[in-house]
Structure formats: C-alpha cells, structure tokens
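Residue indices begin at 1 and follow the sequence shown. Model, not experiment: these values are computed from the prediction.
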Amino acid sequence: MLSRRELERLYPGIRLGKDVTGGAFSALDGHVNPLRLLMALQQGCVNAGGTVDRGRRVDGIEVCGGQFRLYLKTGVVHAARVVIAAGEASRVLAEPLGMTLPFTLQRGQILVTERVGPVLPYPSDRIRQTAGGTIMIGGTKENVGRDTGTTANAAASLAARAIRVFPDLARVSAVRQWSGRRVITPDIAPIYERSSRFPGAYACICHSGGDAGVLSRP
C-alpha cells in the first residue's frame with residue numbers, strides 16, 4: 001500500500017486529484033495489448049506444429065468412436081481432444097459433453113481518449129495509457145443481458161471518475177466509446193473444467209478472474 005506522496009513519485013507527469021489518498025502497487029501487475037496477445041498465441045500454436053483455422057464456427061460437438069466430432073458449416077473435424085474456450089457460447093458446446101459452466105453476461109463500457117504524450121507510466125484497474133498514446137477509461141459493470149449498447153450516463157460517470165483521480169484529463173478529448181459482454185462466474189473466478197464422462201474434453205471460461213481465485217474441477 002502506498003501513500004499519496006509515494007503515488008505522486010510514480011506519476012510525475014500528471015496531477016493527482018485532491019480526493020486521492022493512496023493506492024496499491026504490485027510489481028507483478030501489468031497490461032497487454034489484446035490484439036497483439038492474440039497474434040502471439042496464434043503464432044505460438046503454429047510454431048508448435050498446430051494450424052489456426054479462422055472464421056469457422058463450431059455448431060456442435062459429439063463423441064463418436066472414441067473421438068470428438070466437431071460440426072462446422074463447412075464440414076466435420078475429428079479430434080482426440082477438444083478444449084472449449086468460446087466465451088458465452090461455451091455453455092451450449094460444453095453441456096452435451098457433461099460439463100456445466102455457471103456464468104452470466106455483464107456489459108462493460110469503455111472510453112478511449114485522443115492520443116497524448118506519455119503521462120501514465122503505470123496501468124491501473126480503471127485508467128491506463130496504451131503504447132499508442134490513447135488513454136482507456138473503464139469500466140462499467142451492468143447486468144443487462146446481451147445488450148451491448150453504449151449510454152451517455154455511463155460516459156459521464158466514467159469521465160467524472162477519471163477526472164476526479166487525474167484532473168488533467170479534463171483537457172483531453174474522448175474520441176470513442178464502446179462496450180462488450182463479459183462472461184462472469186458466480187465467484188468472479190475462472191473455471192478450468194475437465195469432463196468426467198468424456199476424457200479428453202476440457203472447458204475454460206474466464207474474465208476478470210485472478211490466479212488466487214481459480215476454481216479447478218476434476
């Protein structure tokens with residue numbers, strides 16, 4: 001835990017709001033560009049001898065002759081093992097294989113600012129600067145089902161909180177607002193599950209979960 005003075009040394013390029021009294025810091029925390037991470041994972045798969053087949057939706061999975069049969073619109077794929085990691089579509093694919101994935105959908109809205117010079121050397125859970133210079137301000141937690149619309153109330157609330165923490169952000173223009181759906185488990189921890197009925201079938205579902213809260217099922 002850090003005092004306000006210690007926080008000010010971490011953020012020398014921007015003022016802290018008068019209501020900021022301290023904060024928490026861990027050298028193990030960080031953030032990554034999700035698009036670059038996805039590209040790295042795909043390249044890692046290829047480097048390990050795998051094949052990345054993009055844009056082919058799996059409509060169902062069955063067990064046939066000791067193997068898994070994946071039904072796609074373009075044909076059928078057979079595999080000895082299968083890992084279901086399809087976000088909100090995971091439940092429909094996993095249930096026929098004997099796996100229950102308890103989760104609900106939650107909407108999160110984000111504000112993105114114009115590009116500015118480096119001012120935030122450390123990311124926080126709500127405000128962080130990307131390598132490209134934009135500042136991402138998040139994020140709401142709304143139980144509205146599948147609705148991914150954006151709202152003016154959310155934008156105002158996100159902006160007001162950001163300015164309360166870093167008043168200098170009042171001079172920075174917001175250029176984009178977007179939202180997406182999260183998959184949230186009852187304890188907000190990730191699930192890594194293995195089917196007891198069909199060995200070789202696994203499911204993984206996670207958002208905003210930490211390692212300390214991992215729920216692993218045999």
Side-chain angles (χ1 to χ4, degrees), residues 7-8 10-26 29-42 54-55 57 85-91 101 103-190 204-210 213:
L7 275 181
E8 288 174 334
L10 289 182
Y11 293 99
I14 191 169
R15 292 183 300 137
L16 296 180
K18 61 182 179 62
D19 295 329
V20 177
T21 58
F25 175 81
S26 170
D29 284 341
H31 68 146
V32 298
N33 182 308
L35 297 179
R36 291 181 178 178
L37 175 61
L38 178 60
M39 291 175 61
L41 290 172
Q42 292 176 340
R54 300 176 178 86
R57 171 177 168 172
E88 61 185 84
S90 296
R91 179 185 288 136
L101 305 179
F103 66 83
T104 57
L105 299 180
Q106 184 183 85
R107 182 173 70 185
Q109 297 187 55
I110 298 287
L111 288 180
V112 182
T113 74
E114 62 182 328
R115 300 179 191 276
V116 297
V119 292
L120 300 178
Y122 296 95
S124 73
D125 64 334
R126 299 286 184 90
I127 307 171
R128 63 192 66 181
Q129 188 169 22
T130 68
T134 60
I135 296 175
M136 300 182 66
I137 301 170
T140 64
K141 298 179 180 180
E142 306 167 78
N143 298 318
V144 293
R146 301 179 64 85
D147 184 359
T148 55
T150 57
T151 65
N153 286 341
S157 176
L158 292 171
R161 183 186 182 280
I163 293 170
R164 187 181 178 193
V165 177
F166 297 117
D168 293 342
L169 292 182
R171 300 196 298 266
V172 180
S173 297
V175 296
R176 187 165 70 253
Q177 178 183 3
W178 54 268
S179 72
R181 290 193 295 266
R182 306 183 184 101
V183 286
I184 299 295
T185 57
D187 58 1
I188 320 180
C204 171
I205 191 165
C206 171
H207 192 289
S208 303

With [X] via side chain to side chain contact (heavy atoms under 4.5 Å, CB included) - residues at least two apart:
X    : value
I110 : V112, M136, W178
A86  : A89, S90, L93
R171 : D168

Checklist outcome for this item: Residue pairs passing the ring-ring contact (aromatic ring centres under 6.0 Å, His included) test with at least one member in residues 129-163, sequence neighbours excluded, are none

Item to check | Residue pairs involving residues 152-177 (criterion ring-ring contact (aromatic ring centres under 6.0 Å, His included); sequence neighbours excluded) | outcome: Y11-F166

Item to check | Partners meeting salt bridge (Lys or Arg N to Asp or Glu O under 4.0 Å) with E114 (sequence neighbours left out) | outcome: none

Item to check | Any residue meeting salt bridge (Lys or Arg N to Asp or Glu O under 4.0 Å) with R126, in chain and number order, not counting sequence neighbours | outcome: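 If we apply the salt bridge (Lys or Arg N to Asp or Glu O under 4.0 Å) test to R126, skipping adjacent residues, there are no hits.
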
Please set out all donor-acceptor pairs under 3.5 angstrom arising from side-chain atoms of residues 32-41, sequence neighbours excluded.
residue	atom	partner	partner atom	Å
N33	OD1	L35	N	2.9
N33	OD1	R36	N	3.2

Quick one: side chain to side chain donor-acceptor pair (under 3.5 Å) partners of [X], sequence neighbours excluded?
X    : result
Q177 : Q109
R57  : D59
T130 : T134
S179 : none

Next on the checklist: For the backbone of G149 and the side chain of R107, can you confirm whether one donor and one acceptor N or O come within less than 3.5 Å of each other?
Outcome noted: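 Yes, R107 side chain to G149 backbone: donor-acceptor pair under 3.5 Å.
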
